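To start, the structure under review is shown below, and the notes come after it.
We name chains A, B, ... by the order of the sequence lines, and we start the count at 1 in each one. Since the structure is predicted, the reported quantities are computational estimates derived from the model, not experimental observations. Heavy atoms only: backbone and side chains are in, while hydrogens, waters and symmetry mates are out.
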Amino acid sequence: MLKKTYDFRKSENKWQKFWERERIFRFDPKSKKPVFSIDVPPPYASAGHLHIGHALHYTQFEIIARFRRMSGFNVYFAPCFDNNGLPTEKYVEEKFGIDKTTTTKHEFRKLCLKESKRVEKVYSDNVFKGLGHSYDWSLLYTTIDPESQKVSQMSFLDLWKKGFVYRSEEPTLWCTKHQTALAQAEIEDLKRTTVLDHIIFDLEGKKRIEIATTRPELLPACVAIFVHPEDERYRNLVGKKAKVPIFGHEVEIMEDKKVDPDFGTGIVMVCTFGDTADIEWWKTHKLPLKICVTKDGKLNELAGKYAGKDLTEARKEIINDLEKEGRVTRKENLEQTVGACWRCQTPIEFLPTKQWFIKTLDFKKELIKQGRKIRWFPKFYQKRYEDWTRNLAWDWCISRQRFYGVPIPVWYCKKCGKPKLAEEKDIPVDPEVDRPKGKCECGFSEFIPEEDVFDTWMTSSMSPEIAMRWLEKPRDFENRFPMSMRPQSHDIIRTWAFYTILKAYLHFRKIPWKDIAIGTYVLDSKGRGMHKSKGNIVWTEDLLEKYSVDVVRYWVGTATFGEDLPYQEKDLVTGQRFLTKLWNASRFTLSNLKGYRPKKPRKLTEIDKWILSKLNDLVKKTTKDFEEYMTGSAKTKVEQFFWHTFCDHYLEIVKDRLYNQSSYEKWEADSAKFTLYRVLLSILKLLAPVTPHVTEEIYQLYFRKNERSKSIHVSDWPRFDSSLVDRNAEKVGDIAVDVIASIRKFKSENSISLAEPLRYVTIDSNRVKPVLKDIQKTMRIENIRIGRAKGKVSEIFKIELEIRK
RNA sequence: GGGCCUGUGGUCUAGUUGGUUAGGACGUCGCCCUCACACGGCGAAGAUCCCCGGUUCAAAUCCGGGCGGGCCCACCA
């Protein structure tokens with residue numbers, strides 16, 4: 001039987017071990033059940049401990065996994081880690097105080113790998129297992145695994161074969177700090193105030209013009225000057241030459257409709273490259289190329305005496321020198337937003353470099369169509385995906401000039417420079433270690449290895465293929481692809497979701513998953529994001545320490561996919577109370593069901609029909625909620641039903657039948673026991689995905705001996721049972737509850753104890769007849785009758801009362 | 001500048017296929033230790049449902065406009 005108090009910690013520990021030992025959450029490859037597969041977001045394990053937002057994010061869809069498992073699915077739930085790419089690299093750099101200029105690539109990678117393994121162990125034990133997550137650990141993968149590298153490289157080879165991969169030298173988004181190319185998706189906005197300088201350029205003769213620029217340091221790269229074709233002020237300038245101050249070279253003045261005559265002076269200088277507009281003008285007007293910025297963010301020899309200085313420094317000096325020449329006429333502050341590296345906030349530069357690309361612009365329409373085949377939860381995020389796709393301006397640059405990551409499986413012929421790709425049977429390869437097979441098409445057999453690695457999304461975008469063992473188990477993969485769902489956060493729709501949809505389309509012409517559910521974003525109690533810099537982070541381990549796993553999960557259960565949730569500690573207190581209540585109500589219920597064997601009784605009393613019918617309704621609605629990722633809504637419904645319908649009303653009404661069984665017929669007592677058993681077990685099951693430990697504890701302590709399943713988490717989800725629907729009983733029961741509430745109110749207003757018996761009660765309604773005895777016993781009424789009543793205790797019914805003195 | 005989401009008692013929110021006495025939780029106040037639970041029960045106070053207009057017999061809910069908050073994207077040389 002259930003003890004007086006529930007020991008959260010002991011219980012949680014015990015059942016986590018039990019689940020692991022019994023392999024309760026194993027995916028069964030031989031099962032005939034339909035598969036429900038989840039494309040889990042591989043977390044970076046680099047953070048030693050995680051904040052409550054991560055815990056919520058991962059637990060939120062874990063609840064779905066448990067729901068589906070109970071609903072008869074063979075759940076494919078593979079844990080994973082992302083130990084690939086910049087975050088790991090950055091972490092190791094910081095932790096060991098090294099950088100790629102002083103360490104060899106090989107050593108550095110080894111260090112990264114070792115560090116990842118260590119942190120992952122801590123992470124999986126403390127976080128995933130600690131939160132009671134139901135992964136099948138035998139399906140674990142990490143993004144740097146040979147198998148993941150293989151999938152990543154295979155993707156590259158396959159797309160090359162299909163003609164979707166190309167290499168070219170083009171202006172690329174470049175981070176001067178990390179010294180690598182970046183994808184459009186890796187660029188973030190950086191709002192800042194900058195200075196707009198008005199600088200005088202000399203023309204032929206004695207004329208001068210004034211140009212406004214925020215980037216005077218790019219003067220050495222100035223290749224042209226533009227004015228708007230309809231700008232009366234400057235029409236006569238077109239075709240003339242201007243002399244670039246300090247650097248002295250001459251550039252032509254041209255016209256283009258894209259110039260905004262109202263900005264600055266209405267004259268713009270084009271430098272290769274200050275921004276995307278420069279690139280466009282450079283392309284359309286076939287301007288010369290002058291690069292003055294180096295890959296590490298300094299000026300090069302083109303800048304003459306400023307060469308070697310970094311951009312901000314050079315800018316100051318150049319402006320200084322211009323001022324000395326009297327060429328700066330105005331300086332004004334300008335609010336601007338520039339693209340910056342998402343990791344280090346360094347404003348990006350546009351540098352022409354040789355990079356590998358995957359074609360995306362050609363498939364915009366198809367990708368939008370693919371997006372429409374997927375069910376988005378909530379729906380409106382589909383729009384965000386479509387907007388992003390529609391507005392894409394660059395093909396996907398997949399090469400990165402980094403140390404750590406999946407190598408690009410390519411060598412270049414020393415003689416003709418042609419790329420030679422690895423063969424499918426040989427991957428994964430590391431071109432710097434492995435040698436290519438055979439000769440180049442040109443007959444030469446010496447090669448230079450590719451040193452770049454893939455963008456981390458190259459691998460992440462293959463997470464469904466990796467998780468489902470595309471290359472290892474092609475037949476299973478074929479049968480099980482697309483996956484059932486992808487949970488993820490909204491900020492990476494343009495990256496993870498987009499690239500994954502792209503890849504599934506380019507490789508298989510399929511969608512990667514049927515559903516995509518956008519997770520909840522946790523805010524602090526004031527509705528602001530949690531950031532280290534703001535000092536408002538709430539750590540998961542602190543909450544687990546202070547409360548318990550189920551309490552934290554209960555809080556997670558209040559969230560609904562796609563909706564933000566402000567963190568309020570009181571919600572955890574509420575959870576704690578709820579679980580205590582659940583324990584106590586179960587203890588009471590089960591202490592009255594000692595030795596009971598579930599058996600459908602001959603007849604059910606009206607009030608039992610009432611709650612069973614309502615339960616049935618609850619099951620139906622809750623199931624639908626879970627199916628549509630509305631966990632918050634499901635949990636609220638169950639909670640309301642449990643606390644109010646079951647505890648406050650039903651249990652109070654049923655007490656007399658349990659305490660004084662001799663004053664009832666046998667079937668009436670049987671009916672009560674049957675109802676209690678069924679309702680409580682159903683409630684536990686409906687709550688099991690959210691609070692798995694306490695429900696398991698109660699299940700094991702009592703129900704296990706009568707039920708087939710060895711864990712509540714693999715038991716059958718409650719089913720809608722049409723034979724229990726009884727609208728009339730629902731109505732009559734509601735009336736009984738109303739009447740009882742009215743009498744309670746009367747007692748409360750008159751400061752009478754609820755235990756105080758009432759001598760006479762007359763109720764002015766025939767409808768209460770089937771529940772008259774329930775009302776009488778619940779309210780301790782000595783004489784109750786239906787008839788004309790003078791009182792007005794209830795708003796709905798007239799009730800006359802006489803208190804015993 | 002474009003797109004999307006959002007605005008309900010002190011706080012967090014449910015309800016938005018139009019019709020409810022606008023529901024709940026936390027907080028406040030009063031009463032009640034009724035043999036599961038005082039980490040409980042019962043009850044009370046507290047809401048111009050952001051504002052203005054429109055559609056309608058009827059709007060928190062639909063439409064238009066405005067204001068506020070949030071997110072995503074684009075951007076100014």
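- Comparing C39(B), A77(B), C37(B) by their closest approach to the side chain of Asn584(A) singles out C37(B).
- Between Phe588(A) and Tyr659(A), the ring-plane angle classifies as perpendicular under the 30° and 60° cut-offs.
- Searching all strands for a Watson-Crick or G-U wobble partner of G53(B) with both distances below 3.5 Å returns C63(B).
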Q. Tell me, for nucleotides 7-17 of chain B in 5' to 3' order, what letter each nucleotide earns: B for a base near a protein heavy atom under 4.0 Å, S for only sugar-phosphate near one, - for neither?
A. ----SSSS---
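- Checking C73(B), A77(B), C37(B) against every side-chain atom of Glu652(A), the shortest atom distance belongs to C37(B).
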(Q) Pair Trp376(A), Tyr385(A) - check ring-ring contact (aromatic ring centres under 6.0 Å, His included), show working. (A) CA-CA 10 Å; Trp376(A) 293 72; Tyr385(A) 164 81; 5.4 Å; yes
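- Rounded to whole Å, the distance from CH2 on Trp282(A) to C1' on A77(B) is 18 Å.
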Table please: side-chain donor-acceptor pairs of residues 578-585 of chain A below 3.5 Å, with sequence neighbours left out.
residue   : atom : partner   : partner atom : Å
Thr580(A) : OG1  : Gln576(A) : O            : 2.9
Trp583(A) : NE1  : Lys3(A)   : O            : 2.8
Asn584(A) : OD1  : Arg587(A) : NH2          : 3.3
Asn584(A) : ND2  : Thr580(A) : O            : 3.2

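- Here the side chain of Tyr659(A) is nearest to one of C37(B), C35(B), A77(B), namely C35(B).
- With both pairing distances under 3.5 Å, C33(B) is matched to nothing as a Watson-Crick or G-U wobble pair.
- Of the candidate nucleotides C37(B), C32(B), C71(B), C37(B) has the atom nearest to the side chain of Arg587(A).
- Taking atom CG on Asp491(A) and atom C1' on C5(B), their separation rounds to 15 Å, with Å as the unit.
- Between Tyr521(A) and His490(A), the angle of the ring planes lies from 30° to 60°, which puts this pair in the tilted group.
- The interatomic distance linking Trp388(A) (CH2) with C4(B) (P) rounds to 18 Å, in whole Å.
- Note on ring orientation: taking the six-membered ring where Trp is involved, the planes of Trp457(A) and Tyr499(A) are tilted (angle from 30° to 60°).
- Between Phe8(A) and Tyr6(A), the angle of the ring planes goes over 60°, which puts this pair in the perpendicular group of the 30/60° scheme.
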Set out, line by line, the N/O atom pairs under 3.5 Å between protein and nucleotides 41-47 of chain B.
residue : atom : partner   : partner atom : Å
G41(B)  : OP1  : Lys581(A) : NZ           : 3.3
G41(B)  : OP1  : Trp643(A) : NE1          : 2.4
C42(B)  : OP1  : Asp648(A) : OD2          : 3.4
C42(B)  : O2   : Ser748(A) : OG           : 3.3

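- Here the side chain of Lys383(A) is nearest to one of C72(B), A77(B), C4(B), namely C4(B).
- Looking only at distances, no side-chain donor or acceptor of Asn333(A) sits under 3.5 Å from a matching main-chain atom of Val195(A).
- The distance between atom CG of Asp387(A) and atom P of C75(B), rounded to the nearest whole Å, is 15 Å.
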